[in-house]
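Before any comments, here is the structure.
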Amino acid sequence: MSPTPVRLHNSLSRSLQTLEPITPGRVTIYTCGSTVYRYAHIGNLRTYLFGDLLRRTLAYLGYEVTYVKNVTDVGHMRDDQTDGGEDRMIVAALEEGKTPLEIAEFYTRAWLEDEVLINIVEPDVLPKATDHIGEMLALIETLVDKGLAYEVDGTVYFDVSSFPAYGRLSGQRVNQTRAGTRVEVETDKRHPADFALWKRAEPGRLMHWPSQWGEGFPGWHIECSAMSMKYLGDRFDIHTGGIDLKFPHHEDEIAQSEGATGHRVVNIWLHGEFLTLDDEKMAKSAGNIIRVSELPEKGFQPLDFRYLALTAHYRSKLDFTEPAMQAAASGLRRLRRAVAAGAETGVDLTAEPMAGYGNRFRDAIADDLGIPAALASAHAVAGADDLTPDQKRALLLDFDRVLGLSLDSPAEGTGIPLPAGAAELLERRAAARAAMDWIEADRLRDELAGLGVRVRDTPEGQVATRRS
RNA sequence: GGCGACGUGCCCGAGUGGCCAGGGAGCGGUCUGCAAAACCGCGUACACGGGUUCGAGUCCCGUCGUCGCCUCCA
């Protein structure tokens, strides 16, 4: 069966277009990953969630997906400085004698652990920048040979004027931007918009590598050109990243890759919008970051956050608030209850009325990743009056291949042990209920509530769940 | 200064000219010892001002407001 056609919003053309894979039936995707010298926060994670939803959607629709997500582990620390607001933890680690690579490994692990908590499927390839210095140097050499880059005193710059298409992605015109408003202009450049492919390592620089231009380290953008083409070839289907990477990062990446190959490399560029907190971008510098691992202490499960992210389209900003998270947690619980109410049976999803619901879901995700609409279709299933509980379960678990909400896990209180003493109170309450001593039963329920345990009475008896 | 996005009901958020999100919260009801859950029902929107059209939340112009990028930010 051939894959379902998908429409996506290409940042390059600023319009929806139908995905036409370079190799029919196969899709190659590259996502700009995290910088691993600090913890990833839920704003960062929203973007990786978007990439996860993209690859899950394409796989669901019948494509064979190759997904590459890189790790930016080229650090720019020096052993004699802490300027520029370097993370205190970085400074402390350096003082302890840790190497930049060890620090990067620590934060890489933390990032990937957070991704696991929100059911992000690991990529097929997770390349690290520091493992690809050779590929970067080869690419830079090609650019120099082609006359698209020039070297000044150990630093190599890309010559923007040699690449007419520069600015096509971002709409920026080179002579209108405010280069050097904050950072002092590097006067070696021929043009302020020229950007570094390779930088000379000054004394004190901790990470540096030998090159034909002397000891140095790569510019930020070249790593993605080198790694994406190494693993996906010099023509691949989709490149994703956060909206903030559009300029200059992706603009520069296009200039490098297309300059070196002489042809288009990426067919579709996809950019995800920000997660905000009080309508402000979540960023370390703004001091408003939240990590996935901090959600439980706020009374939420990590997957509540995944649900929240699914309620907004990837090209829309999403504001993270307490009430929004409460709503997300409630919505997720509703879907899980619907799944739990059904049993595992051989439901034929291609038969009506299941196929109708399946088509609605499929149409939603195939239309520029309409996950919010797809989520609505999941709720339509949960509340449908023409489906049996078993059919609902089968449909929702099928949808969950894309949604990734672990809908088959217990509806609440997931694996959280009950506090000490709760078991005894529950036993006493069961006895009170058997004796129809309602006053004592209600008193014990209040007492349990004081311990953070909620009790529900069902035909099968009491069900205790942990929730504040 | 340049580039870009956005303003939808109590909240979050879909909306691709005519019909429609969805979730949460609230209110009323059914059911259950009570509560919870589930189910049924109810309400409140398209920032503002013009325009195009038989018809505008959706298209065009303007105003106001918010946010992002131009800083090795997702």
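Residue numbers begin at 1 in each chain, while the letters A, B, ... track the order of the sequences.
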(request) Between protein and nucleotides 25-47 of chain B, map the contacts as a letter string: B base, S sugar-phosphate only, - none, heavy atoms under 4.0 Å, written 5' to 3'. (result) --------BBBBS-S--------

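Annotation: A:Y39 is in aromatic contact with A:Y107 [ring centroid separation under 6.0 Å]. For an aromatic pair to be called close, the ring centres must be under 6.0 Å apart, and A:H132 with A:Y231 satisfies this. The ring of A:F361 has its center closer than 6.0 angstrom to the ring center of A:Y60.
Under 4.0 angstrom from either OP1 or OP2 of B:G4 there lies at least one side-chain N or O belonging to A:R14. One finds a side-chain N or O of A:R38 lying less than 4.0 angstrom from the OP1 or OP2 phosphate oxygen of B:A74. OP1 or OP2 of B:A14 has at least one side-chain nitrogen or oxygen of A:S316 nearer than 4.0 Å. For A:T35 and B:A74, the shortest distance from a side-chain N or O to OP1 or OP2 is below 4.0 Å.
For the pair A:R205 and A:F217, the cation-pi test (distance below 6.0 Å, angle within 45°) is passed.
The aromatic rings of A:H250 and A:H271 lie tilted to each other, with the angle between the two planes from 30° to 60°.
Each of A:A283 and A:E280 lies near RNA chain B, and the nucleotide nearest A:E280 is the one positioned closer to the 5' end. Between A:S377 and A:Y314, the residue anchored closer to the 5' end of RNA chain B is A:Y314, taking for each the nucleotide with the nearest heavy atom.
Counting distance only, with no hydrogens placed and no angle test, the side-chain atoms of A:K281 and the base atoms of B:C73 include a donor-acceptor pair under 3.5 Å.
Salt-bridge check for A:R306 with A:D52: passed, with a basic side-chain N closer than 4.0 Å to an acidic carboxylate O.
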